[in-house]
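The structure appears right after this line, and notes come after that.
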Amino acid sequence: MENQLLIYNTLSRKKEVFKSIIPGHVGMYVCGPTVYGHAHLGHSRPAITFDLVYRYLMHLGYKVRYVRNITDVGHLVADADEGEDKIGQKARVEKLEPMEVVQTYTNSYRRNMKQLNVLPPSIEPTATGHIIEQIELAKKLLEKGYAYESKGSVYFDVEKYSNNFEYGKLSGRKIEDLQANTRTLERQDEKRSSLDFAIWKKAQPEHIMRWPSPWGEGFPGWHTECIAMSTKYLGEQFDIHGGGMDLMFPHHEAEVAQSCATLGHDSVNYWMHNNMITINGQKMGKSLGNFIILDDFFEGNHPLLERAYSPMAIRFFILQAHYRSTVDFSNEALQAAEKGFERLMKAVALLDEIHASETTTLDVDALEAECYAAMNDDFNSPVVIANLFDGVRMINSLNDGKARIDEPGLAKLKKVFNDFVFDILGLRNDEKEASGSDEVLVKVVDLLLNTRMEAKAAKNWALSDKIRDELAKLGFEVKDKKDGFEWVLKK
RNA sequence: GGUACCUUGGCCGAGUGGCUAGGCAGCGGUCUGCAAAACCGCGUACGGCGGUUCGAAUCCGCCAGGUACCUCCA
């Protein structure tokens with residue numbers, strides 16, 4: 001293949017030619033959600049980004065094992081007084097079992113992902129389901145001498161590690177800078193250095209989620225679950241690890257350190273990081289309190305939302321930006337995306353009505369090549385979409401009789417649209433089949449419009465306009481054709 | 001404070017040494033009884049100041065503004 005797939009690797013800060021470890025197979029791990037709240041718009045970014053990657057790799061013929069975890073334990077609260085974990089705190093507030101909270105938000109997340117047409121991963125492991133593996137990892141780090149026990153907790157020894165390995169190589173940090181930059185945080189007495197991170201945390205008495213371990217009752221630390229689970233399901237070395245840019249440091253850096261410390265080498269060949277979604281130029285995040293949950297988008301329930309936006313409008317909106325750029329939320333931008341998406345879908349629907357000619361005036365091969373070139377250039381979905389709009393113009397021109405296409409060209413055009421719009425970009429046509437859903441309604445509207453045709457024939461413009469305008473008020477969009485009409489019921 | 005990144009037309013958003021991005025909105029035209037839809041055409045954008053170059057939005061420097069990470073977050 002002339003066009004090779006290029007992937008921007010955070011590790012080298014360059015686009016690299018993608019080569020899987022085992023030909024024909026790809027192992028991919030992506031950091032999933034912490035299930036202590038409903039998914040917000042920000043969560044949709046990595047989900048959609050890596051869904052695109054997953055879909056494209058499969059389209060290229062790879063057999064992909066895609067692992068995306070559910071974080072249901074760990075991750076200390078920012079200003080935690082007693083180092084309690086998020087799930088536990090939320091559970092107490094709502095007087096629920098921690099696992100009940102986990103189940104609620106996991107279900108909610110999966111439902112939202114399905115709405116966004118995000119394919120379920122091959123394996124969706126949970127942190128609580130892999131406590132044993134995490135304890136084993138901690139033991140191994142202790143054996144290797146890169147971790148130490150302190151008051152019932154186990155910490156990773158960053159300084160010792162950096163004697164033999166380069167801590168900070170993923171995020172571009174230098175250990176000297178990090179050390180110089182030390183902020184004295186409270187309760188650091190257990191750690192030898194502020195750079196050290198928890199592998200296992202001792203559970204405080206009031207802590208609800210706890211498991212027995214060689215160091216007493218506790219729970220796994222911040223960064224162990226991903227490395228424990230990725231190793232278990234993808235091996236000691238695998239192809240792609242993805243996640244949000246905000247996880248680069250310290251989370252992913254800590255993963256790199258744990259791999260190198262336990263295995264002596266990196267686990268990940270290509271590190272991919274998606275950028276953030278911003279709102280008023282600022283990152284959308286839970287702690288910033290400026291997030292809007294996906295359910296609110298779908299229902300229009302938020303002061304910042306002028307109205308509801310469909311899951312596909314949001315998916316299209318996100319895909320219209322490259323995954324490594326920030327994408328700024330606004331009603332205006334979302335509405336623009338929605339209109340563009342509708343235009344694309346209309347053209348797709350028209351494709352079935354196009355008839356082939358003997359000759360062709362369109363270069364569909366070039367269109368296809370451009371689409372592949374864009375995807376191969378680090379999954380450049382906005383350029384794919386731009387190319388597809390060129391295709392939209394082709395389709396509309398064909399429909400207007402202003403262009404011609406031959407049989408092979410038409411087949412190719414249909415294939416390009418089917419492959420890129422649906423299989424690769426993962427868009428879905430949610431247009432309510434209002435016209436087909438209620439036969440009586442269809443007949444009544446057709447009756448009215450036929451009456452209008454008669455009025456038009458009699459040049460009774462007052463009546464024909466009245467019928468059209470009244471239907472418009474009810475949400476019907478009427479289009480006159482040369483010898484008839486078309487209508488569609490908008491929401 | 002440290003580190004990295006960003007600043008493109010009314011809005012969103014690609015591009016990254018010379019060649020049309022694209023979408024939305026707007027304007028003009030074709031079509032239409034009038035519309036809608038569609039098609040054709042238009043706006044000549046790259047934060048500021050210098051520099052390198054035959055040529056820079058694209059490379060370098062400085063300045064301004066912004067963001068991210070360093071602390072849970074996608």
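What you see is a predicted model; the values in this text were computed from it and never measured. Residue numbering restarts at 1 for every chain, and letters A, B, ... go by the order of the sequence lines.
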Pick the C1' atom in U7(B) and in G15(B), then give their distance to the nearest Å.
15 Å

Could you tell me whether the side chain of N387(A) has a donor or acceptor atom within less than 3.5 Å of a complementary atom in the base of G22(B)?
no

Could you tell me how far apart N331(A) (CG) and C11(B) (P) are, to the nearest whole angstrom?
16 Å

Does a side-chain N or O of K456(A) approach OP1 or OP2 of G33(B) to a distance below 4.0 Å, or not?
no

Between A14(B), G22(B), C70(B), which nucleotide gets closest to the side-chain atoms of Q320(A)?
G22(B)

I want to check one thing: is the phosphate of G33(B), taken as OP1 and OP2, less than 4.0 Å away from some side-chain N or O of R452(A)?
no

OP1 or OP2 of A14(B) less than 4.0 angstrom from a side-chain nitrogen or oxygen of S325(A), does that happen here?
yes

With a 4.0 Å cutoff (strictly under), does any side-chain N or O of R343(A) reach OP1 or OP2 of G22(B)?
no

Is the phosphate of C39(B) approached by N396(A) (side-chain N or O, under 4.0 Å from OP1 or OP2)?
yes

Could you check which of G22(B), C39(B), G15(B) has an atom nearest any side-chain atom of N380(A)?
G15(B)

Between G22(B), C12(B), A4(B), which nucleotide has the shortest distance from any of its atoms to the side chain of D328(A)?
C12(B)

Please report, rounded to the nearest Å, how far the P atom of A25(B) is from the CD atom of E306(A).
14 Å

Quick note, R468(A) side chain, CB onward, closest among G33(B), A38(B), A14(B) is G33(B)

Using the P atom as the reference point in each nucleotide, state the distance between U53(B) and A21(B) in Å, no decimals.
28 Å

